[in-house]
J.: 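Take this structure first; my questions come after.
We count residues from 1, following the sequence as given.
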Amino acid sequence: VQLQASGGGLVQAGDSLRLTCATSRPQTRRTITNNGMGWFRQAPGKEREFVSTISWRGSSTSYADSVKGRFTISRDNAKSTVYLQMNGLKPEDTAVYYCAAARGSQGSDRISDYNYWGQGTQVTVSS
């Protein structure tokens with residue numbers, strides 16, 4: 001299973017970015033479509049942390065307190081794609097962002113509930 005996260009970049013505080021998690025492999029498309037998906041991030045010198053998660057139907061979402069109200073997770077199962085819309089970016093949002101597929105159909109905020117990970121995309125927010 002190969003997940004590809006994209007959409008990162010260098011922006012200024014207050015700007016927006018939309019991250020995309022997708023794949024070119026048919027088998028991985030089924031995983032994205034049928035499983036809960038999540039976004040995590042890891043800043044230099046820090047542990048990987050939960051950002052947001054969404055259930056397979058998109059009916060249930062959850063966010064870390066630090067991004068609540070600014071980030072929105074969504075999915076398009078017809079395209080086997082998951083998005084993370086990030087608005088009002090802050091310097092403390094700077095990190096490598098990873099998408100991941102959960103073991104089951106529901107989302108989770110626990111790293112141990114995910115068994116497939118993308119390669120990460122860098123988000124840098126300048127002040």
Side-chain angles (χ1 to χ4, degrees):
V1 175
Q2 288 191 342
L3 303 174
Q4 297 164 323
S6 62
L10 172 62
V11 297
Q12 294 185 335
D15 286 350
S16 299
L17 283 174
R18 188 176 78 160
L19 305 185
T20 299
C21 180
T23 181
S24 59
R25 294 194 171 188
Q27 183 175 2
T28 308
R29 291 195 193 106
R30 289 192 290 272
T31 298
I32 293 178
T33 300
N34 297 329
N35 289 33
M37 297 292 294
W39 287 95
F40 294 77
R41 67 186 182 186
Q42 188 166 17
K46 295 186 177 181
E47 295 186 350
R48 192 169 298 188
E49 65 175 6
F50 167 73
V51 175
S52 183
T53 186
I54 187 168
S55 61
W56 77 281
R57 287 185 176 180
S59 57
S60 177
T61 60
S62 180
Y63 299 90
D65 288 341
S66 59
V67 307
K68 202 170 294 182
R70 299 187 297 122
F71 291 10
T72 303
I73 192 171
S74 62
R75 64 189 302 156
D76 184 341
N77 285 343
K79 297 180 179 180
S80 298
T81 302
V82 179
Y83 304 98
L84 184 68
Q85 178 66 42
M86 306 187 295
N87 298 329
L89 283 163
K90 303 176 180 179
E92 50 264 43
D93 294 320
T94 295
V96 176
Y97 284 71
Y98 299 89
C99 64
R103 300 179 191 277
S105 61
Q106 299 306 309
S108 173
D109 61 0
R110 297 184 300 183
I111 291 176
S112 59
D113 286 338
Y114 293 81
N115 53 348
Y116 299 117
W117 293 81
Q119 85 288 2
T121 184
Q122 176 71 47
V123 172
T124 304
V125 185
S126 63
S127 57

J.: Of the options L84, L10, V96, L17, which is the one that meets V123 in a side-chain contact (heavy atoms from CB on, under 4.5 Å)?
T.: L17
J.: Under the salt bridge (charged side-chain N to carboxylate O under 4.0 Å, His left out) rule, what do K90 and D93 come out as? Steps first, then yes or no, please.
T.: CA-CA 5 Å; K90 303 176 180 179; D93 294 320; over 6 Å; no
J.: Treating R75 as the side-chain partner and S55 as the backbone partner, does any N or O pair qualify as donor plus acceptor under 3.5 Å?
T.: yes
J.: Could you grab the distance from atom OG of S74 to atom CE of M37, nearest 0.5 Å is fine?
T.: 11.5 Å
J.: Would you say the side chains of T124 and Q122 form a donor-acceptor pair under 3.5 Å?
T.: yes
J.: Kindly say whether S105 contributes a backbone atom to a donor-acceptor pair with the side chain of R57 at under 3.5 angstrom?
T.: no
J.: Tell me whether W56 shares a hydrophobic cluster with I73, the cluster being built from Ile, Leu, Val, Met, Phe, Trp, Tyr side chains joined at under 4.5 Å.
T.: no
J.: Between Q119 (side chain) and A5 (backbone), is there a donor-acceptor pair under 3.5 Å?
T.: yes
J.: Hey, does W39 have a side-chain heavy atom less than 4.5 Å from the side chain of M86?
T.: no
J.: Got a second to check how far Q106's CD is from S60's OG, nearest 0.5 Å?
T.: 6.5 Å
J.: Taking all heavy atoms of T81 and all of A22, pick out the closest pair and write down the distance.
T.: OG1-CB, 4.0 Å
J.: Among residues two or more places apart or on two chains, list those pairs meeting ring-ring contact (aromatic ring centres under 6.0 Å, His included) that have a residue in residues 65-108.
T.: none
J.: Return the minimal non-hydrogen interatomic distance between I32 and C21, and the atom names on each side.
T.: CD1-O, 4.5 Å
J.: Would you give the length of the straight line joining atom OG of S59 to atom CD1 of I54, rounded to the nearest 0.5 angstrom?
T.: 8.0 Å
J.: Going by the rule salt bridge (charged side-chain N to carboxylate O under 4.0 Å, His left out), which residues pair with K46 if we only count those two or more places apart in sequence or in a different chain?
T.: none
J.: Using only heavy-atom distances, determine whether the side chains of T53 and Y114 contain a donor-acceptor pair under 3.5 Å.
T.: yes
J.: Given 3.5 Å as the limit, does a donor-acceptor pair link the side chain of T28 with the main chain of Q2, or not?
T.: yes
J.: Could you report the tightest heavy-atom contact between D113 and S108, atom names first, then the distance?
T.: OD2-OG, 2.5 Å
J.: Considering all heavy atoms of both residues, which atom of R41 and which atom of S66 are nearest to each other, and what is their separation?
T.: NH2-OG, 3.4 Å
J.: Kindly give the heavy-atom pair with the smallest separation between L89 and R70, and that separation in Å.
T.: CA-NH1, 3.9 Å
J.: Can you give me the closest heavy-atom contact between A102 and N35, atom names plus distance?
T.: O-ND2, 2.6 Å
